[in-house]
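All residue numbers refer to positions in the sequence shown, counting from 1.
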Amino acid sequence: MAPTAEPLAPPPPRRPRSGPPPGLKNLGNTCYLNSVVQCLASTPPLANFCLSSRHSNLCKKVFPNKDKECPFCVLEWQIARLLRAEAGAVDSPGKIIRCLPLFAEHFRRGRQEDAHEFLRYVIDACHMACLRIRKRLPAASANGDCGPEEGRGLGACMLMRETFGGALLSQVKCLVCKGESNKTDEIMDISLDLLGTSSVGDALACFFRPEILEGANKYSCERCKKLTSARKQMFIVKAPKVLVIQLKRFEGINGGKINRNIEFKEGLVLSNFMYNKTQDSQPVYNLFGSIVHSGFSPDSGHYYAYVKDAFGRWYCCNDSHVSLSSSQEVLSEKLNLPTPMEMAYQVLHVVRP
C-alpha cells in the first residue's frame with residue numbers, strides 16, 4: 001500500500017553554512033540510502049531546484065486532492081532540510097524510509113540494499129512524478145488550478161532527465177559497403193567493467209572501444225545482402241549535465257569483489273568519446289561526489305559518501321558522522337580498503353570546437 005499524503009512541516013529558512021553538511025542517522029541498514037541522499041543534496045542543479053520548492057508547489061496545484069505521497073515531494077523536502085540545517089546537525093531520513101515503496105517497491109526497511117540500484121530508482125521515480133505533472137498541467141491550467149506561470153513550468157517537469165539524462169549511439173558499420181546502422185539510447189548513468197583495467201580512464205576507453213565483428217560474429221548487412229565484417233562502437237551523442245559513473249566492483253552474480261586500486265581523477269574530459277568531435281560540444285567534468293562501499297560482498301558491508309561543497313571543500317559523510325576530508329583522500333588514500341562504487345561529475349564548462 002502506498003503511503004498516504006501527510007502534511008510536511010516547512011523546512012527552516014536556509015542560512016549560510018560555513019561548516020560541514022549535516023549527518024544522517026542510520027535507522028537500521030540505511031547507510032546506502034544516507035549516502036545517496038548526501039550526494040543528491042550536493043548535486044547543484046537538483047539542490048537549487050529543491051530549495052525553491054518548485055516541484056512541491058506545482059504538485060500541490062496540479063493535484064490538490066492527492067491521497068498519496070509524491071516521491072519527488074518527499075525527496076525535495078529531505079534535501080531542503082539538509083541544505084537548511086545548521087552545520088554539525090544530525091537529521092533523520094525517516095520520511096524517505098517510511099515512503100520507501102514509492103521509490104522501490106521491493107526494498108525493505110532494515111535490509112541492506114544496493115546504493116546504485118537505489119539511486120536509479122530514486123531518479124526514475126522522481127522523473128515519473130514529473131511526467132505525471134506534465135501530463136496534467138494543461139487540464140489544471142484550464143480549470144484554473146494553476147496560473148499562467150505554473151502552466152509554463154514544463155521545464156521543471158523534466159528536471160531529472162535534463163540533469164542526469166544523456167544519450168549513447170550504438171553504431172555498426174559495414175567494412176565492405178561502409179553502410180551504417182545507428183541506434184540511440186537514453187541513459188541516466190554509465191556502468192563500467194573493471195576487468196583488465198587500472199583506472200576509470202582505461203575503463204571508459206574499453207567501454208567505447210570499437211569491436212570488429214568477423215568470423216562467427218559477422219554482421220548481416222542489409223545493403224550487401226550477406227554476412228560481412230563490420231565495426232561496432234558506442235559514442236556519446238548527448239553528454240549529461242551530471243554524469244554518474246558506476247564502477248562494477250563485483251564479478252558476476254556470485255563473484256568476489258575486485259579489490260585492487262582503481263585510479264580516478266577529479267577532472268574528466270569526454271571529447272574522445274563524442275560522436276562528432278568537430279561539431280559536438282566537448283564537456284569538461286568535475287567530480288563532486290563519490291559513494292563508497294566497504295566490504296567484501298554486495299549483500300553486506302557499509303556505504304558512506306564523499307561530497308564537495310560550493311567552496312571546493314570535501315567532506316566524508318558516514319551516516320551521522322561527518323568530517324572534513326580532502327581531494328587527496330577521495331582520490332587515493334581510501335582506495336585500498338573501501339572502494340569507490342559510484343562517482344558523480346558535473347559539467348564545469350563546455351568547450352566549443
Side-chain angles (χ1 to χ4, degrees), residues 11 14 16-17 21-22 35-59 70-85 96 103 115-116 118-134 149-150 152-167 186-190 236-246 266-270 281-291 305-315 317 342-351:
R14 190 182 190 191
R17 187 169 61 216
S35 300
V36 169
V37 171
Q38 290 283 14
C39 277
L40 289 176
S42 298
T43 302
L46 180 59
N48 293 332
F49 183 82
C50 289
L51 281 171
S52 70
S53 301
R54 286 183 64 190
H55 177 86
S56 57
N57 289 339
L58 189 57
C59 190
C70 162
F72 206 151
C73 288
V74 173
L75 181 69
E76 178 191 278
W77 181 81
Q78 183 71 72
I79 288 177
R81 276 179 61 93
L82 281 175
L83 295 173
R84 292 186 171 106
I96 293 184
F103 301 100
H116 175 71
F118 180 66
L119 174 62
R120 285 304 312 271
Y121 277 121
V122 168
I123 292 175
D124 290 345
C126 291
H127 180 57
M128 293 304 297
C130 290
L131 291 181
R132 286 191 289 271
I133 288 181
R134 187 181 189 186
E149 184 177 346
E150 289 87 358
R152 293 191 295 267
L154 292 179
C157 297
M158 305 304 291
L159 177 84
M160 285 301 191
R161 192 173 77 176
E162 289 180 358
T163 300
F164 298 98
E186 292 188 353
I187 60 167
M188 291 290 191
D189 59 21
I190 293 179
I236 299 172
V237 289
K238 179 189 174 185
K241 292 179 182 177
V242 173
L243 174 64
V244 177
I245 296 178
Q246 182 208 15
E266 204 162 352
L268 186 66
V269 181
L270 298 181
S281 60
Q282 309 297 312
V284 177
Y285 289 88
N286 185 50
L287 182 71
F288 71 87
S290 175
I291 295 177
Y306 288 100
V307 298
K308 183 162 62 175
D309 69 9
F311 303 100
R313 296 173 301 208
W314 281 98
Y315 292 95
C317 301
E342 208 94 23
M343 293 177 293
Y345 288 86
Q346 185 192 14
V347 171
L348 265 184
H349 59 275
V350 175
V351 178

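Considering all non-hydrogen atoms of both residues, Ala41 and Leu82 come closest at CB-CD1, 4.0 Å. Smallest separation of non-hydrogen atoms from Cys126 and Leu75: SG-CD2, 3.7 Å.
Of the possible polar contacts, one joining the Glu76 side chain to the Ser56 backbone as a donor-acceptor pair under 3.5 Å is found.
Annotation: the span from Arg161 atom CZ to Glu186 atom CD amounts to 5.0 Å, rounded to 0.5 Å. Atoms CZ and SG, on Arg84 and Cys50 in that order, are 9.5 Å from each other to the nearest 0.5 Å. Distance check, rounded to the nearest 0.5 Å: CZ of Phe118 to CD1 of Ile123 gives 10.5 Å. Rounding to the nearest 0.5 Å places CG of Asn286 at 12.0 Å from CG of Leu243. Rounding to the nearest 0.5 Å places CD1 of Ile236 at 6.5 Å from CD1 of Ile187. The NE2 atom of His55 lies 11.5 Å from the CG atom of Leu46; values are rounded to the nearest 0.5 Å.
Considering only heavy atoms from C-beta on, Cys39 comes within 4.5 Å of Val307 through its side chain. For the pair Cys317 and Pro21, the minimum side-chain heavy-atom distance is below 4.5 Å. Between Met158 and Cys130 there is no side-chain heavy-atom pair separated by less than 4.5 Å. Taking the side chain as every heavy atom from C-beta outward, Leu287 and Leu268 never approach each other to under 4.5 Å. Under the 4.5 Å side-chain criterion, counting only non-hydrogen atoms from C-beta, Val242 is in contact with Phe288. At least one side-chain heavy atom of Met160 sits less than 4.5 Å from a side-chain heavy atom of Phe72. Residues Val122 and Pro71 have side chains not in contact (no heavy-atom distance under 4.5 Å, counting atoms from C-beta outward). Residues Phe164 and Pro240 are not in side-chain contact: their nearest non-hydrogen atoms beyond the backbone lie 4.5 Å or more apart.
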Exercise for the section: Could you give me the CA-CA distance, side-chain angles and deciding distance for Met188 and Leu119, then say whether side-chain contact (heavy atoms from CB on, under 4.5 Å) is met? Expected result: CA-CA 10 Å; Met188 291 290 191; Leu119 174 62; over 6 Å; no

Practice task
Show your reasoning for whether side-chain contact (heavy atoms from CB on, under 4.5 Å) applies to Arg120 and Asp189.
Solution key: CA-CA 9 Å; Arg120 285 304 312 271; Asp189 59 21; 2.9 Å; yes

Practice task
Would you check, one step at a time, whether the test side-chain contact (heavy atoms from CB on, under 4.5 Å) holds for Phe49 with Thr163?
Solution key: CA-CA 11 Å; Phe49 183 82; Thr163 300; over 6 Å; no

Exercise for the section: Give the intermediate values and the outcome of side-chain contact (heavy atoms from CB on, under 4.5 Å) for residues Arg54 and Leu159. Expected result: CA-CA 11 Å; Arg54 286 183 64 190; Leu159 177 84; over 6 Å; no

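Evaluation of the side chain to side chain donor-acceptor pair (under 3.5 Å) rule for Gln78 yields Asp91 as partners, not counting sequence neighbours.
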